[in-house]
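These notes are about the structure you will find just below.
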Amino acid sequence: MTATETAPAEAARDFIRDIIRADLDAKRHKTVVTRFPPEPNGYLHIGHAKSICLNFGVAEEFGGRCHLRFDDTNPTKEEQEYIDAIERDVRWLGFDWGQHLYHASDYFEQLYDWAEHLIRAGKAYVDDQTQEKLRATRGTLTEPGKNSPWRERNVEENLDLFRRMRAGEFENGARILRAKIDMAAGNINLRDPALYRILHASHPRTGDKWCIYPSYDFAHGQSDAIEGITHSICTLEFEDHRPLYDWLLDNLPVPSRPRQYEFARLNLSYTVLSKRVLTELVRGGHVKAWDDPRMPTLAGLRRRGVPPAAIRDFVKRIGVAKANSVVDMGLLEFSIREALNKTAARRMAVLRPLKVVIENYPAGKSEELEAANHPDDAAAGVRRVRFGRELYVEREDFMESPPKKFFRLSPGREVRLRYAYFIKCREAVKNAAGEVIELRCSYDPETRGGNTPPDGRKVQATLHWVSAADAVPAEVRLYNPLFTQTVPNAGDFAADLNPNSVEVLTDCRLEPALSKAKAGEPVQFERQGYFCPDPDSKPGRLVFNRTVGLRDTWAKVASGKDG
RNA sequence: UGGGGGAUAGUUCAACGGUAGAACAGCGGACUCUGACUCCGUUAAUCUAGGUUCGAAUCCUAGUCCCCCAGCCA
């Protein structure tokens, strides 16, 4: 605990950790054991990251361990692709389950035995009613359900039927094994819940060995008990499953007694964290794939250039509680900038090029200038950038008739080109349509390296630029929120989709050093944001993703109170 | 009109009967070869009504509002 003493401010504090601390203090457990239990029916998203960081984080902090356990009890929805993706994403996020990789399907035989145990104890029965009948007799939120006519079947008959279910004698849905609890319970989960259903489906791991599969409720708690989980942490919607979780553990000869605790799942503004909706986005072609950079999936965030440390930092900032809430996307962006600012190399890239001709710079001449790779980290070194008579600057860095607070280029205005020279705009050349297509400027040789000239005159802006002669062309993809609403309507999400969630710029010009950027390696395009090469990049056709823009005070001023 | 949860600055989370605090956002300023970063300052909250107490966000009572549950999904 020296670590917590040296860095007390870092000690995470929330009701889950309070419970664990108290349990440990009371010696209820020798070590804490948690688990992250995804169902392999989709990709992990940032909401899962909250759970992963909580479960693995708690284990780490208290010197325990965390298992990765696939909750693979429904072969009709689960796929190997998802299993692989989940393992990859958890590792990428920075967590390691060591030898503790498990599957609920590892316990199918034991679970089956426990089902027979319940039957023998007169606490479970095979019900022959149809699904419709079951629904009709379950009662409603305010009315109790009705007992099944098969509820009092004797043990032998139940055992025989259940074994024949396993043997494959019946069709899907023909029969079901139910717990015998209380059809009048206010908690609907206690109204003789399903324990096993017939599913003639091939399982990613057990193949065709089984044609009956345990329900979530019958698998989860017992799996926890088998693995010696001490704290089974899940989301709020499982709160009213807890009595069933406890009932099962209390009525079965399980090897340990875990406890379930629930916390509020993450909601993020302007996106959706629902596997159902995310799956539909992919299948419906609203995004390119699970790893589309617009997706809140870990795969999508990774492709977009978000470092795992940023996600961990974000999760730390949002805390853990029981109140439903919607976290501002801006907070995630803050964590991303915070992480990237420290590490990303600085480069210059012009996204929407506007040609500049330096009239007093000799044609045919060029020179190399030194540029820092990171302004706050000399160890990051320098690179050389070529300067010449023809350059490109950002279109939006020029305005013919600028508003009061616009500091950049306009006719007669002088600015600094980063690491290069002061230039002064003499004239804007227009095409027949009246659009500015070129700037005629002059430079001051005494400002080389971007330094202040001997006469001490200052400029109000420093612009990024690239030399026209050796800039490399590239495509840059800018991303905006996937949805237009803070809280999209999950029921009819299509109506809330942002039609401008991606903007593809195909005529960008990058400084040559960028052609050596490695996939996934973050860089800052100065004055613009953080970017990273996309896997779509090919030799001669670079593609960059904008991870997140820089904080832009000017944009706020410009949109707020216009000129 | 059933059962289970939850309400604290704009947002998210603290405060565990003893001065309501942080982060993000906002606003103002300093610095600046990125209108970035950094730094300084600042605005801003206990769902309501009663009660207990020297003292209540916290305990009690009664309300209000929000979320979840009627899969052989998890």
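All heavy atoms count here, side chains included; hydrogens, waters and symmetry mates do not. Naming: A, B, ... by sequence-line order, numbering from 1 per chain.
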Can you tell me which nucleotide in [options] comes closest to the side chain of [X]?
{"X": "A:R408", "options": "B:rG35, B:rC69, B:rC73", "value": "B:rG35"}
{"X": "A:F407", "options": "B:rC13, B:rG26, B:rG35", "value": "B:rG35"}
{"X": "A:L141", "options": "B:rC73, B:rA70, B:rC67", "value": "B:rA70"}
{"X": "A:T462", "options": "B:rU34, B:rU12, B:rC67", "value": "B:rU34"}
{"X": "A:K556", "options": "B:rC27, B:rC13, B:rC73", "value": "B:rC27"}
{"X": "A:R551", "options": "B:rC16, B:rC37, B:rG35", "value": "B:rC37"}
{"X": "A:S215", "options": "B:rA74, B:rG5, B:rU38", "value": "B:rA74"}
{"X": "A:F334", "options": "B:rC24, B:rU34, B:rA74", "value": "B:rC24"}
{"X": "A:I176", "options": "B:rG5, B:rA70, B:rC72", "value": "B:rC72"}
{"X": "A:D240", "options": "B:rC69, B:rC72, B:rU34", "value": "B:rC69"}

Query raised in the report: Got a donor-acceptor pair under 3.5 Å from the side chain of A:Q528 to the base of B:rU34?
Result: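 No such pair is found, so the answer is no.
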
When you compare [N] with [M], how far apart are their [atom1] atoms, in angstrom units rounded to a whole number?
{"N": "B:rU32", "M": "B:rC39", "atom1": "C1'", "value": "12 Å"}
{"N": "B:rC27", "M": "B:rA36", "atom1": "P", "value": "12 Å"}
{"N": "B:rG4", "M": "B:rA57", "atom1": "P", "value": "28 Å"}
{"N": "B:rC40", "M": "B:rA25", "atom1": "P", "value": "15 Å"}
{"N": "B:rA56", "M": "B:rA70", "atom1": "P", "value": "43 Å"}
{"N": "B:rA7", "M": "B:rC13", "atom1": "C1'", "value": "14 Å"}
{"N": "B:rC37", "M": "B:rG26", "atom1": "P", "value": "10 Å"}
{"N": "B:rU58", "M": "B:rA23", "atom1": "P", "value": "26 Å"}

Applying a 4.0 Å non-hydrogen cut-off, can you work out what [X] is touching in the nucleic acid: base, sugar-phosphate, or nothing?
{"X": "A:L134", "answer": "base"}
{"X": "A:Q131", "answer": "base"}
{"X": "A:E370", "answer": "nothing"}
{"X": "A:H464", "answer": "nothing"}
{"X": "A:P37", "answer": "nothing"}
{"X": "A:R191", "answer": "nothing"}
{"X": "A:I318", "answer": "sugar-phosphate"}
{"X": "A:E239", "answer": "sugar-phosphate"}
{"X": "A:T140", "answer": "base"}
{"X": "A:F170", "answer": "nothing"}
{"X": "A:Y213", "answer": "nothing"}
{"X": "A:Q460", "answer": "nothing"}
{"X": "A:V459", "answer": "nothing"}
{"X": "A:D217", "answer": "nothing"}

In this structure, how many angstroms lie between the [atom2] atom of [N] and the [atom1] atom of [X], rounded?
{"X": "A:N74", "N": "B:rC72", "atom1": "CG", "atom2": "C1'", "answer": "9 Å"}
{"X": "A:R17", "N": "B:rA15", "atom1": "CZ", "atom2": "P", "answer": "13 Å"}
{"X": "A:R418", "N": "B:rC37", "atom1": "CZ", "atom2": "P", "answer": "14 Å"}
{"X": "A:R138", "N": "B:rG3", "atom1": "CZ", "atom2": "P", "answer": "19 Å"}
{"X": "A:F263", "N": "B:rG6", "atom1": "CZ", "atom2": "C1'", "answer": "16 Å"}
{"X": "A:N187", "N": "B:rG4", "atom1": "CG", "atom2": "C1'", "answer": "7 Å"}
{"X": "A:D14", "N": "B:rA23", "atom1": "CG", "atom2": "P", "answer": "19 Å"}
{"X": "A:Q260", "N": "B:rG5", "atom1": "CD", "atom2": "C1'", "answer": "13 Å"}

Query raised in the report: Are OP1 or OP2 of B:rC73 and a side-chain N or O of A:T73 less than 4.0 angstrom apart?
Result: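 A:T73 to B:rC73 OP1/OP2: no side-chain N or O under 4.0 Å.
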
Report task. Find the partner of B:rA45: check Watson-Crick (N1-N3 plus N6-O4 or O6-N4) and G-U wobble (N1-O2, O6-N3) distances, both under 3.5 Å, and reply none if neither fits. Result ->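 Pairing partner, where one exists within any strand: none, as none qualifies.
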
Query - Pairing partner (Watson-Crick or G-U wobble, both distances under 3.5 angstrom) of B:rU32 - result: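 For B:rU32, the partner nucleotide comes out as none, under the 3.5 Å rule.
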
Report task. Dump the intermediate steps for ring pair (Phe, Tyr, Trp, His ring centres under 6.0 Å) on A:F483 and A:Y270, then the final yes or no. Result -> CA-CA 5 Å; A:F483 292 89; A:Y270 296 103; 9.5 Å; no

Please determine whether a side-chain nitrogen of the Lys or Arg among [X] and [Y] lies less than 4.0 Å from a carboxylate oxygen of the Asp or Glu.
{"X": "A:R317", "Y": "A:D313", "result": "yes"}
{"X": "A:E61", "Y": "A:R17", "result": "yes"}
{"X": "A:D377", "Y": "A:K342", "result": "no"}
{"X": "A:R153", "Y": "A:D128", "result": "yes"}
{"X": "A:R408", "Y": "A:E394", "result": "no"}

**Report entry** Residue mapping more 5' on RNA chain B - nearest nucleotide basis, A:R197 or A:A321
**Finding:**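 The 5'-side residue here is A:A321.
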
Report task. With RNA chain B as reference, determine whether A:F15 or A:A420 sits nearer its 5' end, using the nearest nucleotide of each. Result ->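 With A:F15 and A:A420 compared, the 5'-side residue is A:F15.
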
**Report entry** Ring-base stacking, A:Y216 with B:rA74 (5.5 Å, 30° cut-offs)
**Finding:**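 It does not: the two rings, one from A:Y216 and one from B:rA74, miss the stacking criterion.
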
Query raised in the report: Any idea how A:W210 and A:F108 line up, ring-wise: parallel (<30°), tilted (30 to 60°), or perpendicular (>60°)?
Result: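 Geometry flag for A:F108 against A:W210: perpendicular rings.
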
Query raised in the report: On the ring face of A:Y392, is A:R509 found with NZ or CZ under 6.0 Å from the centre and within 45° of the axis?
Result: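 Positive - A:R509 is close enough to the ring of A:Y392 and near enough to its axis.
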
Report task. Cation-pi check, A:R175 to A:F170: give yes when NZ or CZ is under 6.0 Å from the six-membered ring centre and within 45° of the ring axis, no otherwise. Result ->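 Ring-cation test returns yes.
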
**Report entry** For A:H220, the option from A:Q260, A:H241, A:R35 that meets side-chain hydrogen bond (donor to acceptor under 3.5 Å, both in side chains)
**Finding:**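 With A:H220 as partner, A:Q260, A:H241, A:R35 yield a single side-chain hydrogen bond (donor to acceptor under 3.5 Å, both in side chains), made by A:R35.
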
